[in-house]
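To start, the structure under review is shown below, and the notes come after it.
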Number of protein chains: 2
Amino acid sequence: MTATRLTAKGAATRDRIVSAAADLVLARGVGGTSLDDVRAGTLTSKSQLFHYFPGGKSELVLAIAELQMQRVLQAQQPYLRTLDTWADWDGWRDALLAHYAAQPHWGCPIGTLVSELVGTDPAAAATVVGHLNRWRGHLRDGLVRMRDGGLLRPDADPECLALAVFASVQGGLLLTQALRSIEPLSAALDAALTALHAAAPDGHAYATR
Amino acid sequence: MTATRLTAKGAATRDRIVSAAADLVLARGVGGTSLDDVRAGTLTSKSQLFHYFPGGKSELVLAIAELQMQRVLQAQQPYLRTLDTWADWDGWRDALLAHYAAQPHWGCPIGTLVSELVGTDPAAAATVVGHLNRWRGHLRDGLVRMRDGGLLRPDADPECLALAVFASVQGGLLLTQALRSIEPLSAALDAALTALHAAAPDGHAYATR
DNA sequence: GAACTCTTGGACCGGATGGTCCAATATTGT
DNA sequence: ACAATATTGGACCATCCGGTCCAAGAGTTC
């Protein structure tokens, strides 16, 4: 990892590299982005890349993953923190949709990353999977609170439901990337929320948007 | 495309290449699989690769996509053909789950392919997206038949529901690849079917598995 | 069996890529 | 001011990779 201490200038350069590299990787994937591309896109030199990321491309990719994770978690606030009312889930849905609609390129920076890394850099992939689990954990925690609060039936399985909702998010984003439209994510989230509502106690009404 | 006519021996060699290359790409991705890997994995020579795939790697990748598409569509039969009863959907779910559980590696050969190609080979990506749309079209057609048969409410939107179900499939497979477990796909499919049932006319009962 | 086509082997090439290294310059701390 | 450390530029390298080419072998057709 980065062993040497960073001055303010150094930290700024590092941030510039990560941010630009994140955009490149989002647009063209890890394999499609060379370190020379990053160098050209940040007006830096080869030595700087390896100065701030001694581990080379792998370490840079991990830094990108961390940045993207931070961004997407941030975009889901304040809803993600609680997610213990139906209104929270609706707000969460809208926030997520708005975030990805505003993104310069389609697709999920984390999902595509992990899908590519699994086959080429298992060690890095494992770290990124950890991030995915952290994200998914927030959804599960919210569902646990919903169940404890009586908004879900006692026999509802938060772990399983969170997995399903998260799959809808990732799948929606994959299709969003493939079809170059936000529609798939929107449809996927609606269906996921519908499925959640189906786990509410009897008598609970839900109008699909 | 392949211009010269193929003898039986030639066709066999071509098939062997595509089949082995499909496994390699599934395991390590397009970027992680070199033509030399394919050559070594099929006991062929460089010239054969370019003899049967004059378009080079792109053309080989397209052939792989076609093969994988054929396989996955086949695995969903006979349910995919109709999908006009709830029993069909249950059967479809089980068939899909069984297919991917039996696969030598986790993940969707088509989904990961398209997510990787979008950034590096847009032309090939477009073709593969066409395959995805064909698959999704079958789901939509089934939902249209369900609606026409009164098993879905008249105001249900088959296009939108198909998108959501398909997103669950792809997202489930992405997580299946990341977490190296079939659970995510199972949970995603269950939730997707639950959401479908929510579009059934009033009075319709559905017991979540 | 001869002419033709399909198939196969493998050497070779040019360019891209990840990574190393060293020297020069700026910054920091005392 | 001066030493130590952080930052920067860029030449250089070994390797990998997609792709080309030619010549020899196998199979088909008449």
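If Ala8(B) and Gly31(B) are placed on DNA chain D by their nearest nucleotide, the residue sitting closer to the 5' end is Gly31(B). Heavy-atom distances to DNA chain C give each of Ser58(A) and Ser45(B) a nearest nucleotide, and the one nearer the 5′ end belongs to Ser45(B).
Dashed line: the shortest gap from a side-chain N or O of Thr7(B) to OP1 or OP2 of dT7(C) is under 4.0 Å. Contact check, Lys9(A) against dT7(D): no side-chain N or O comes under 4.0 Å of OP1 or OP2. Taking only side-chain nitrogens and oxygens, Thr13(B) comes nearer than 4.0 Å to OP1 or OP2 of dT8(C). Within the 4.0 Å cut-off from OP1 or OP2 of dT8(C), at least one side-chain nitrogen or oxygen of Gln48(B) is found. Side-chain nitrogen and oxygen atoms of Tyr52(A) include at least one within less than 4.0 Å of the OP1 or OP2 phosphate oxygen of dT8(D). Distances shorter than 4.0 Å separate none of the side-chain N or O atoms of Ser47(B) from OP1 or OP2 on dT8(C).
When heavy atoms are screened at a 4.0 angstrom cut-off, Lys57(B) is found touching the sugar-phosphate backbone but no base atom.
Separating the CG atom of Leu49(A) from the C1' atom of dC21(C) is a distance of 15 Å, rounded to the nearest angstrom. Between Lys46(A) atom NZ and dC13(D) atom P there is a gap of 14 Å when expressed in whole angstrom units. Between Asp36(B) atom CG and dC12(C) atom P the separation is 15 Å, expressed in whole Å. Counting to the nearest Å, the P atom of dA26(C) and the CG atom of Leu6(A) are 20 Å from each other. Going from atom CG of Leu43(A) over to atom P of dT7(D) covers 18 Å, rounded to whole Å. Rounded to a whole Å, the CD1 atom of Ile17(B) is 11 Å from the P atom of dT7(C). For His51(A) and dT27(C), the NE2 to P distance is 14 Å, given to the nearest whole Å. Per the geometry, CZ belonging to Phe53(A) stands 18 Å off C1' belonging to dT20(C), to the nearest Å.
Checked against Leu163(A) for a side-chain contact (heavy atoms from CB on, under 4.5 Å), the options Pro184(B), Ser186(B), Ser181(B) give a single hit: Pro184(B).
Between Trp92(A) and Leu189(A) there is a side-chain heavy-atom pair separated by less than 4.5 Å. Under the 4.5 Å side-chain criterion, counting only non-hydrogen atoms from C-beta, Leu117(A) is in contact with Val61(A).
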* Would Val169(A) and Trp135(A) satisfy side-chain contact (heavy atoms from CB on, under 4.5 Å), going step by step from the backbone distance to the final call? -> CA-CA 11 Å; Val169(A) 172; Trp135(A) 183 356; 4.2 Å; yes
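Interatomic distance, OG1 of Thr194(A) versus NE2 of His197(B), reported as 13.5 Å (0.5 Å rounding).
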